[in-house]
Amino acid sequence: MKATIAQYYPGDSLLHRLDPRAKFIAVSALAVALFVRDSFAGLVVYAAAAALAYALSGVPLVWFWRAFRPLLWLVALTFVAQVIFAPGEPFFSYGFVHLSWRGLELAAFLSLRLVVLVLVGSVLTLTTPSIALTDGLAWLGRPLRRLRVPTDELALMVTIALRFIPTLLVELDTIMRAQRARGADFRRGGLRERSRSLVPVLVPLFVLSFRRADELALAMEARCYRPGAARTRLHPLRAGWADAALLVATAAVIAAGLLV
Amino acid sequence: MSGREAAGGAAPDTPGRAAADGMVLTCRDVSFSYEEARAPIPALRDVSFELGAGGSLALMGASGSGKSTLLQVVRGLDAPEAGAVLLDGAGLADARYGALQREVGLVFQAPELQLFAATARDDVAFGPRRLGWPEEQVTPAVDDALDLVGLPAARFAARHPYTLSGGEQRRLALAGVLAMRPRLLLLDEPFVSLDPSTRRQLAGILERLKAAGVTLLLATHDADLAWALCDELLVLREGRVVAAGAWDFSPAAGRLLAVNRLREPFLVDLWRRLGRDPQRAPRTAAEAAEALA
């Protein structure tokens, strides 16, 4: 069992070493540009930039495929919906289905846009550990603290939640194995039977999670964690020339995409 | 296969266990690796051994040596990549294999973390009910299992599992496996984090199962309990068998134990220091007292 969403690929490429804030700003800006620009030429420029960034990250292509696979049906659905329902002069009609060249073009465009979007997002999550990512987000959210939004606490919550997803998956696996060893079968039966068969798995998982949350809170208190207190960091975020270069390059790519 | 068929051999009509009905376990060149993102991690490499009916084998080795993996492969939760696990001589291709697998009980590490039902009775009955036993067979099986682990049904059956003490929860979880009347019992570090009195109780339960003829495969770091309970020893190192068979306390065997972060049982060490033959060391304090008197 593996979680592929927001997975980090350890490495030492240029992209791995960039400041998470710069990467986050670049990726967000590129994502917005992707949606603002609606021409094939612009899309191709952004796709090329995203592919180049992915190549620079040194992450094997199979990792992108893993992140993309769960979204495949969404892309397929978008494509089919566009082909069927898009306006345009139909060259083929059957019932409510009207195929037009314009529809096919639109479908291809929107699907490609989704693929590029996932590619851009993967470059960020594959090259940035989740802790660095939340640290960066907390820094970017700082202005909100004037509105009494507890940004550091929120960032910590997200970090802890992400940190425990793999742990929970391992525990889930162990509990399912134990109940399988006692004769449980999670694959057989109708929906009702299957959801009932989850009780012996979910009850221990929840009990374990609550206990762990309790212990974690105590351990954090014992190590002097106080909500609202100013934190120092072991690895303070430091932006350098490379990060500035990334932002300039991103701006150039966005401009190029808008102008072609 | 229907549950009723499975129950045929597993639930004798008479309550209590017939003697000497242990299962024979044979592992032949069993290999297994865990799939990882970058490269598979081998956990078992060409593991071969045989454990006779009613025999008892201590499975030892440093943390990460493959003990837990071996137990799960034997129980059929993971399929070996190569080699075969034979139960009473039957392999995966054999029609009896599914039914035989259901007669293998596996007690996980910290099994009390897997309790889920609202009463002790329902939790213990989970396995037998999943096997499709009729309710009139489930009830005596549950009562027997609760009795065997020292949680008599009259006092404990209606209790909520989470209101029991840690030691009681561990024994309840064991009862949940014993209620399925296993002929081969696999235990993964059953003594970890128990207080001394519960450890003694649990060792007593395993003694009784052994006396009843159940085949035992016990993964543990505790040399004293392994020596007291098991006739044979299997040492794993990085997934390979480095020692198998009868206990051996020659100097070479002692070095082997040390390399694998294990030590000799206390009573064996004592016997050596007393100038006696360590190979004939007593298994329990009572035996030692008798021999020294």
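First the proteins, then the strands, lettered A, B, ... as listed; each starts at 1. Because the structure is a prediction, the values reported are computed rather than measured.
- Other residues, nucleotides and ligands contribute over 12 non-hydrogen atoms within 6.0 Å of the OH atom of B/Tyr34.
- Minimum interatomic distance between B/Ile205 and B/Leu148 (heavy atoms only, all atoms of both residues): CG1-O, 3.6 Å.
- Relative ring orientation between B/Phe116 and B/Phe126 is described as perpendicular, the plane-to-plane angle rising above 60° on a 0-90° scale split at 30° and 60°.
- Within the 4.5 angstrom heavy-atom criterion, no atom of B/Gln101 approaches chain A.
- Within the model, atoms CD of B/Glu112 and OG of B/Ser193 stand 6.0 Å from one another, a figure rounded to the nearest 0.5 Å.
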Salt bridge (Lys or Arg N to Asp or Glu O under 4.0 Å) between B/Glu135 and B/Arg129: does it pass, once the steps are laid out? CA-CA 8 Å; B/Glu135 211 51 35; B/Arg129 283 182 186 146; 2.9 Å; yes
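- Counted by atom type alone, A/His16 and A/Ser13 present one or more donor-acceptor pairs between their side chains at under 3.5 Å.
- When each of B/Val177, B/Leu174, B/Leu59, B/Leu217 is checked for a side-chain contact (heavy atoms from CB on, under 4.5 Å) with B/Leu187, only B/Leu174 meets the rule.
- Donor-acceptor pairing under 3.5 Å is recorded for the side chains of B/Glu81 and B/Ser33.
- Looking at A/Thr174, the atoms closer than 4.5 Å to chain B (heavy atoms on both sides) sit in the backbone and in the side chain alike.
- Residue B/Leu115 touches chain A through its backbone alone, counting heavy-atom pairs closer than 4.5 Å.
- Neither the backbone nor the side chain of A/Glu171 comes within less than 4.5 Å of any heavy atom of chain B.
- Among residues 199-209 of chain A, the residues having any heavy atom closer than 4.5 Å to a heavy atom of chain B are, in sequence order, A/Val199, A/Pro200, A/Val203, A/Pro204, A/Val207, A/Leu208.
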